[in-house]
Each structure stands twice: as structure tokens, then as C-alpha cells.
Amino acid sequence: MILMSDVFENVMDLAKRRGFIWQTSECYGAVAGFIDYGPLGAMMKRRIEDIWRNFYVIEEGYYEIECPTIAQEAVFIASGHVKGFSDKMCQCPHCKEYLRADHVADGGGISGASTMTNEALAAAIAACKCPACEEVLGTVEVYNFNLMFATTIGPGSQRIGYLRPETAQGMFVDFARLLRFYRDTLPFGAVQIGKSYRNEISPRQGMIRLREFTQAEAEIFVHPDKKTHPKFARYADYTMPLLTYVHQQNGEEAVTMSMRVAVDKGVIANEYVAYYVALTHDLLVTIGVKPDRLRFRQHLPDERAHYATDCWDAEVFSQRFGWVETVGIADRTDYDLNAHAKQSGTPMTVFIQYTEPRKENRRRIIPNMSVLGKQYRQKAKAVFAALEHATPTADGADVVVDGETIHIPANLFEVRDEVVDIRGEEIVPHVIEPSYGIDRMCYAVLEQAYDEDTVDGEKRTVLRFSPRVAPVQVAVFPLMTRDGLDTIADEITHTLKRKGILAEYDDSGAIGRRYRRQDEIGTPFAITVDYETKETRTVTVRDRDSMKQVRIGIDTLPQTISALVNGDMKFTSLPAHQNL
RNA sequence: GCGCCGAUAGUGUAGUGGUUAUCACUAGGCGUUGCCAACGCCUAAACCCGGGUUCGAGUCCCGGUCGGCGCACCA
């Protein structure tokens, strides 16, 4: 349509002016990386989150949980964030370049940088050259920069806590309870929508990169050998352009294919990842992302987290920022559960029962505790343990305890060969993780909804929201504020509100001005009470995008508006279109 | 963090050291108005923060904050 000089500026200006998004605590001077959602923005965000819930909680059946945004240090030691999210940094005194101190050490042939103290590392790299300007560094300060916000828990306590950098860990640490909730059966999933925090060095690009942001994440626990999605048929024929890492390396364009083909050809690792790639496409289109501004890009092998076997990003095209990573869908394998099991000492496995028990020969060596115990006392426990794995002969068994070979006579233990039923095995599930950046989705919806057109030579600014995400769902206007028209409009407003519809009454100014106000905040429909209303109990319903109107009875308004707003009915399918 | 640029009513702006900071739109009130930002009258509303130079600073200088861009960073 109209070429907009800079959509980002127009959108953010409108967002600020009309109460969608603004900078936080402006009266004290804003802080980079933090935003407030205003009245309309918070409503829009909630509607987007609710659509997400429809997909993941209601349709997929993965219940939502809510964990604290602060967790104790052990959680993030296990997840790798304490170490991996923290870099040893230093600054070149000559060119002011910020450098990874450990990389400088590696480049200078110094080993063991990761185990040195900051002071030792600083001393070690003093003789190294700055990789940027080639000058010898000399005296530098090495410090840790961790992207997690740290805090302490409790009064005067030294117990360290961190604000979570992702919601995912909450689902992992709750694994055992979730497994019980889902009655010890794979696959199952849990989701969480909430705030996460990263102390970004340089937050930029409006609301694209924030220090506090909202994530919607699902962790789906699956059997490692069964990555076939039970409902794969739903999206098997769903097609979309896929930009594989091979395409990217060869500088080729994305190729459109169905999910079935993508899995069969090995383009996408498994059905689970493919299923959520397709579901994500479906979801993003539902909230109003245009398909031609949406692509799925596979992570390059060196870009993937070390544990992920496959990872796809949903990228939304922004006229300002180019392709913006908005959703990541990764197969995290068993990395997280293993890490938490090790750190916490709690097993995080599922018992998978075999369809048929397996017969297995087993030899058990049963020691005569009363005799051996007395004989070996403190060593007894170690002796028992060693004996279990010993290879007994006719005259006994030799075990080695603390380097000492001890002969246990055959009469002090019994060897039992038995056939046992193995009914199943403990396995560590793999995790499929779709992770959504809600703020980026909100921005994408705003940017893509923004439009300007020309009506009677005048510019009209309109947010072409899907009715499902529009904060205000319908506006109600009396044509005149007299002759009882305002009373009727007021009654209609209240009737709609009682049905759970967010209706806004407005009688201020000319009717055209009121339509324009609602256009600018993306209200999809407007009801006008006119003089005919008093005679026929009908009102006009006006469509934001076409500006066309139809006349319908007051009594059918609640059901009609509901259907229009939740997408069950299109405006064009209403009878008796007329231009008034 | 570094470098460059910027910051004046809600929004967009004018203002090259000197009265009471310009204009438009927006918003609120009253009147008018029989369907797409009409009109009249009235009202409200701003120099990012801190320091300095000066008789006098929105204007000049320094520092900070925020924003944009380029680097760097982005498990």
C-alpha cells in the first residue's frame, strides 16, 4: 500500500501515543531494555498469550505451570548458565575493544585460562597482543560478565539466587512431580508463560531485545527412540518454506515442502520438531503474521547449542530489522534432565515397561553377613560390595579391597543362578522445546498490522489487527447525543460487556472522528445507533478494514459480535451489505 | 561498553545568548452537526537531568540518562 518512510517509528509513535507500549518509569528517566505495556498493549499481549494457550494447553493438552522468576544458584549451575552465561572479559587499553580474556589467552598459547582466577588471567595475558589492534595489552583488568541478574535470598544471607534467564528450567526441576501428575507416561509436556531476565550488554531495537521479557515455552518430554508425534497427521501435509543450514551455506533460497516430506528427507530431525514447526507457523499466522513475512530457518551446526540435535527458528520479517528470530524450536535431547539429575542427586527417569518381560539369567552372590561382618568389621561393607562382582571358583572368591586381596572361602557365601523377569527399563526422556518470544510477537503484530490508506483525500491510519488480538473488540456510538440515541448506545454497550466483549462507548466529536480513533487502535467493528434504531431496533455494524456497514437487529448483536470477534464468522458473510 | 548523531506541550515542530517560547494536530468543555478526522468559541499542555561559562542559557561548554545508527556482545 502506502510506502511508509519508517514503519518502526510510525508504529512505536502510535504505540506510545495510544497506550500500547512505552518506556518504563519515564518520570525518572527511562532504563534501556525495559518497557511498559500500556492499557491497550497489555490487553493485546494477553490476547496473544491466550491464543498461545489455546494451541498448547487446550489443544495439545500440556498444562501450564507457574514457577518463581528467582531460583537458587544450584539450578543454574546445573543448567550451565552460571558458567556458560558468564564470560571473562577485558578491555584493550589501546583501542578500547572489549575482548574475551580467555580467547586472548588461547590465542597467545596460554592454556588453562578457564581455571585461572581473574587476577592470574590478567597477569598471564599482559604479554599477549590485542587481536583487534595488535598492540601488547599490558596491564588489564579481567572481570566476569554474567548475563544473569544476581541477587541474594533471605536477610543478610549469602545464599545466591538468580533471576531466571529462561522459563525452561522450572519445568525441568519439576520433572519428577510432573511425571507423577501425568501418571508416569510419556509423552507429556508442561508449559509456562512468564518473565525472564537477561542483563544484555546493549539492549537495542525498541522492544526486540529487552532485559526483562516474556517467554512462552513448552517442554515436551518424549521417549528418545519414539520421536513420532501421535498427532502428526494434523500437520503432515502442512507446507511452508524451509531454509535449511545447507541452503544457507550454499547461499540458496528456502524450499517449500510439506512436513511429511521434510521428515522423510531428513531435513527436519524428527516428527516432533516438524510438528511444532508447523504448529508455530499456524499460530503465528493466527495472531496476524503474514505468511510471506514468515520463514523457518535451521540453525547452522556451529550455531546450535552443544546439546541440541536440531533447532529451527521462526523468523518474522520486519521492515526495520530484517528477519527477527521470534520462536526457537529445539530438540534439547536429555541434556537438561541429566544435568539436573547429576546436580541434585534426584533421578529424572521414566520407567518404561516392556510389552513382554525379558527373561534374563542372573547370578547373585549372597554373602553370609553374620560371619563376614564380624570378621571384617569396618571393611565389611566394601567386602560385600566387591563380592557381588566377584568371579567365584570352587574354593571361594578373591576380592580386592583397598588394594588388598582378600580370599573369601566358599562356605561364607552362596551363589544363586536364577532366571529373572526384566519388566522394563529406566530411560531419560528427550525434551522438545518450542520457545516463543512474546514481546517480539507483539511487535510483529503491531508492525504488520500498521497501515495507512487514503479516504476522501485524507490519510487514515489503521491497525489491521486480527479481531482475535484487537484490544478493544467493538466500539458503540450514538449518531447524536440527543433524542435518546445515547441511552440506547449505552445500553447496548453494557449488554455486550456482560457477554464478556470489550466494548467501548464514545460520543465525543463527529462520527467520522470516532471511527478514525478506533481505526487507529485497531478496533475491528463499530456499532452506530441512529434514528432508524428507534423505529426498527436495528443498528449499523461497520467493518474497520472495508469501512462497509450492515444493518442488524439489536437483539442479535451479542452473538454476532462474538462470532465476528472470535473468528467464527466473517464480516462479509453477514447479510444485506449496504453503503450508507 | 566505544564511535557518530539526536532530545522543546500527548504527537510533529519553530526558535544562531536578551520581553510572557512559535505553529499545527491531538485532548478536554460548550455550542453546532442525520454516518467516516466538518465548523465556532473556550481551556489544558513543553525546553531530558546535573554542573559550568555569562549580567542573562532552550540556545555555548562538560558530564550523565535515554533514543537511533555503526562496531563489539548476543550460552
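Note on naming: letters A, B, ... go to the chains in the order of the sequence lines (proteins, then strands), and numbering restarts at 1 for each one. Only heavy atoms go into these numbers, but all of them, side chains included; no hydrogens, no water, no symmetry mates.
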Protein-nucleic acid N or O pairs under 3.5 Å, nucleotides 10-14 of chain B:
residue : atom : partner  : partner atom : Å
rU11(B) : O3'  : Asp13(A) : OD1          : 3.2

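- Using a 4.0 Å heavy-atom cutoff across all strands shown, Gln205(A) reaches sugar-phosphate atoms only and no base atom.
- Among the heavy atoms of the strands lying under 4.0 Å from Arg320(A) are primed sugar atoms or P, OP1, OP2 only; no base atom is included.
- The existence of a salt bridge linking Arg332(A) and Glu166(A) is confirmed by a sub-4.0 Å separation between a basic side-chain nitrogen and an acidic carboxylate oxygen.
- In this structure, the side chain of Asp36(A) does not engage the main chain of Trp22(A) through any donor-acceptor pair within 3.5 Å.
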**Fill in**
Applying the Watson-Crick and G-U criteria (both distances under 3.5 angstrom) with [ ] for crossing and | for other-strand pairs, one obtains for RNA chain B (((((((..(((.....[....))).(((((.......)))))....(((((..]....))))))))))))....
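- Residues satisfying the ring-ring contact (aromatic ring centres under 6.0 Å, His included) test with Tyr272(A), not counting sequence neighbours, are His229(A).
- The side chain of Phe321(A) has rC69(B) as its nearest neighbour among rC69(B), rG67(B), rU33(B).
- Distance, Trp22(A) CH2 to rC66(B) P: 20 Å, rounded to whole Å.
- One atom, CD1 of Ile521(A), and another, C1' of rU26(B), lie 15 Å apart when rounded to the nearest Å.
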Tabulate protein N/O versus nucleotide N/O from nucleotides 38-45 of chain B, keeping only pairs under 3.5 Å, one per line.
residue : atom : partner   : partner atom : Å
rA38(B) : OP1  : Arg513(A) : NH2          : 3.0

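- Minimum atom distance to the side chain of Thr528(A) is reached by rC35(B), of the listed rC35(B), rC66(B), rA27(B).
- Note on Arg542(A): a base of the nucleic acid sits closer than 4.0 angstrom, heavy atoms only.
- Each of Asp456(A) and Val31(A) has a nearest nucleotide on RNA chain B; the 5'-most of these lies closest to Asp456(A).
- In this structure Ala42(A) satisfies the side chain to side chain contact (heavy atoms under 4.5 Å, CB included) test together with Tyr37(A), sequence neighbours excluded.
- Nucleic acid contact class of Arg209(A) (heavy atoms, under 4.0 Å, all strands): base.
- We find that Arg211(A) and Glu200(A) are not joined by a salt bridge, their nearest charged nitrogen and carboxylate oxygen being 4.0 Å or further apart.
- The gap from the P atom of rG3(B) to that of rU11(B) amounts to 30 Å, rounded to the nearest Å.
- Here Arg297(A) does not pair with Glu325(A) in a salt bridge; the nearest charged N to carboxylate O distance is not below 4.0 Å.
- Annotation: of the two residues near RNA chain B, Val529(A) and Arg517(A), the 5′-most nearest-nucleotide partner is Arg517(A).
- Open room surrounds NZ on Lys570(A); 12 or fewer heavy atoms of other groups in view lie less than 6.0 Å from it.
- Using a 4.0 Å heavy-atom criterion, one finds that Gly509(A) contacts no nucleic acid atom at all.
- At rG67(B), one or more side-chain N or O atoms of Gln23(A) fall inside 4.0 Å of OP1 or OP2 (strictly under the cut-off).
- Residues that satisfy the ring-ring contact (aromatic ring centres under 6.0 Å, His included) test with Trp323(A), not counting sequence neighbours, are Phe317(A).
- As judged by a 4.0 angstrom heavy-atom cut-off over every strand, Ser508(A) is placed among residues touching the sugar-phosphate backbone only.
- Look at Arg482(A) and Asp486(A) and you find no salt bridge, because none of the NZ, NE, NH1 or NH2 atoms lies under 4.0 Å from a carboxylate O.
- In summary, Arg464(A) and Asp545(A) engage in a salt bridge, as defined by a charged side-chain N under 4.0 Å from a carboxylate O.
- Taking atom P on both rA37(B) and rC4(B), the two are 48 Å apart, rounded to the nearest angstrom.
- The residues Asp519(A) and Arg542(A) are annotated as salt-bridged, a charged nitrogen and a carboxylate oxygen being separated by less than 4.0 angstrom.
- For the pair Asp507(A) CG and rA27(B) P, the computed distance is 13 Å after rounding to whole Å.
- Note: CZ (Arg482(A)) to C1' (rC30(B)) measures 15 Å, nearest angstrom.
- Using a 4.0 Å cut-off between charged nitrogen and carboxylate oxygen, Lys548(A) and Asp543(A) do not count as a salt-bridge pair.
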